[in-house]
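Take a look at the structure set out below.
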There are 2 protein chains.
Amino acid sequence: MSPRAGLDLNVIIMQAAELADSEGLESVTLASLAKKLGVRSPSLYNHVEGLPALRSHLAVYGLQLLNEALSHAAGDAIGYEAVVRIASAYTGFARAHPGLYELTLRAPSLDNKEHERLADKLVNMFLNILSPYGLSEEEGIHAVRGLRSLLHGFASIEGHGGFGIPIDIDKSVAFVLHRFLAGLEKKKGS
Amino acid sequence: MSPRAGLDLNVIIMQAAELADSEGLESVTLASLAKKLGVRSPSLYNHVEGLPALRSHLAVYGLQLLNEALSHAAGDAIGYEAVVRIASAYTGFARAHPGLYELTLRAPSLDNKEHERLADKLVNMFLNILSPYGLSEEEGIHAVRGLRSLLHGFASIEGHGGFGIPIDIDKSVAFVLHRFLAGLEKKKGS
DNA sequence: CACTATAAACTAATGACATTAGTTTTGCAA
DNA sequence: TTGCAAAACTAATGTCATTAGTTTATAGTG
């Protein structure tokens with residue numbers, strides 16, 4: 001309605017995140033975002049350096065939210081219980097924030113620093129909750145990669161509608177985690 | 001050089017696939033493809049119904065290649081050995097065909113029939129190689145979903161440069177599969 | 001062998017988008 | 001109050017997909 005819409009990088013990112021999650025990642029354009037904000041698209045360049053930069057900021061924001069959700073879900077737990085809780089939080093996040101989630105995986109051209117820091121934080125959280133399994137350092141990395149891959153795989157395939165059969169996906173996650181973690185334990189006796 | 005370039009849906013798909021794998025999925029535009037084919041972009045509409053349709057055709061083509069690669073890798077094997085071989089073929093395919101691979105997961109608006117058929121074929125292949133583990137029908141579904149998710153997760157994260165630490169990714173896959181399959185076996189005694 | 005219908009290519013035009021340049025306007029701070 | 005920096009704007013360019021309408025090659029028919 002007036003000049004001086006009072007924009008701000010944070011406002012822009014929040015609205016863009018909303019767009020990403022409700023309309024899909026590909027619908028986040030400077031044009032659509034500007035319309036949502038009641039502004040002409042060139043005005044956005046006063047706050048963000050272009051579409052790639054916006055996506056990079058969104059990726060970092062998504063990673064922050066994901067980190068918070070997982071930390072909160074894990075609480076002080078470690079081991080099996082923590083893995084189950086984190087898995088639930090992970091798939092829940094991907095369902096609640098499909099656009100944002102998809103972006104967290106993309107290699108970010110900008111904001112490398114913060115993105116890397118958050119990714120590392122995630123890895124360390126996983127390492128921590130797997131510590132009761134008594135894995136070697138290298139095995140720990142393998143296991144964390146496996147856990148991340150498993151959770152991302154489920155989230156990604158579900159997000160793309162890739163599971164046709166009407167069997168509860170959460171049950172599949174629970175089943176697979178149970179067996180994988182059992183396999184991690186089994187090592188002790190072999 | 002001349003009218004009548006002798007285009008053809010197959011030629012178009014092959015060149016598009018090449019573009020997707022060498023330049024990235026987002027670089028597959030009708031404009032870039034037309035240039036590669038020595039033709040003006042509207043000419044492509046004589047053979048394909050637009051960019052979304054082209055991507056849908058590419059997805060089906062990618063799934064075909066993936067199916068072939070996995071079938072070939074598995075041969076007649078089942079059980080552990082087959083899983084290891086298929087895993088290697090899967091990650092190898094994703095590395096050799098990053099653009100095509102990414103597309104195989106996308107929900108296809110067109111060509112639903114063929115895409116579904118190929119996706120089902122993949123699921124059945126996985127079910128077959130897991131048959132020695134003596135899982136119930138529902139457990140089999142869970143396990144297949146887990147295996148797909150694991151492989152897709154690794155392929156997808158690797159494809160996006162998400163594994164920072166310089167530890168061999170194939171080793172991680174091998175480790176995780178070993179433990180997961182061990183977990184599947186363990187059931188018999190619990 | 002000529003001829004014609006069709007399919008394949010073309011040019012021209014439109015509309016969405018990102019981005020840049022250059023201009024106006026507003027609000028805060030001196 | 002005034003003036004300046006930031007925030008918004010308009011105008012313009014270039015890329016893309018897509019549609020409409022035109023030309024042309026070629027394959028098949030007489």
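Below, chains carry the letters A, B, ... as their sequence lines are ordered, and counting in each starts from 1. Since the model is a prediction, treat every value here as computed from it, not as a measurement.
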Next on the checklist: Would the distance check show the side chain of B:S156 and the main-chain N or O of B:G153 forming a donor-acceptor pair, the cut-off being under 3.5 Å?
Outcome noted: no

Checklist entry - A:R40 CZ to D:dA8 P: how many Å, rounded? => result 13 Å

Item to check | Contact list for residues 58-85 of chain B, test side-chain hydrogen bond (donor to acceptor under 3.5 Å, both in side chains), sequence neighbours left out | outcome: B:Y80-B:H178, B:E81-B:R85

Next on the checklist: Whole angstroms only, please: what is the NZ-P distance between B:K35 and D:dG14?
Outcome noted: 14 Å

Item to check | Results of ring pair (Phe, Tyr, Trp, His ring centres under 6.0 Å) for B:H152 - residues two or more places apart only | outcome: A:H152, B:Y101

Item to check | Flag side-chain contact, heavy atom, 4.5 Å: B:E138 against B:H142 | outcome: yes

Checklist entry - Is any N or O donor-acceptor pair between the side chain of B:N46 and the base of C:dA9 shorter than 3.5 Å? => result yes

Item to check | Nearest-Å distance for atom pair CD/P, residues A:E23 and C:dC17 | outcome: 13 Å

Checklist entry - Counting side-chain heavy atoms from C-beta on, which of C:dT19, D:dA17, C:dA12 comes nearest to B:L51? => result D:dA17

Item to check | Interatomic distance where CG belongs to B:L19 and P belongs to D:dC16 [whole Å] | outcome: 12 Å

Checklist entry - What nucleotide, of D:dA8, C:dC10, C:dT20, holds the atom closest to the side chain of A:P42? => result C:dT20

Item to check | Whole-Å distance separating the CG atom of A:L7 from the C1' atom of D:dC9 | outcome: 13 Å

Checklist entry - Among the nucleotides D:dC9, D:dT18, C:dA9, which one has an atom lying closest to any side-chain atom of B:S41? => result D:dT18

Next on the checklist: Taking 4.0 Å as the cut-off, does a side-chain nitrogen or oxygen of B:H47 come that near to OP1 or OP2 on C:dA7?
Outcome noted: no

Next on the checklist: Please tell me if A:Y45 has a side-chain N or O lying less than 4.0 Å from either OP1 or OP2 of C:dT20.
Outcome noted: no

Checklist entry - Taking CG from B:L44 and P from C:dT11, how many angstroms apart are they, rounded to a whole number? => result 13 Å

Next on the checklist: Is there a side-chain contact between B:S43 and the phosphate of C:dA8, meaning an N or O under 4.0 Å from OP1 or OP2?
Outcome noted: no

Checklist entry - B:S43 side chain to B:V39 main-chain N or O, any donor-acceptor pair under 3.5 Å? => result no

Next on the checklist: Using whole Å, what does the distance between atom P of nucleotide C:dA8 and atom CG of B:L37 come to?
Outcome noted: 14 Å

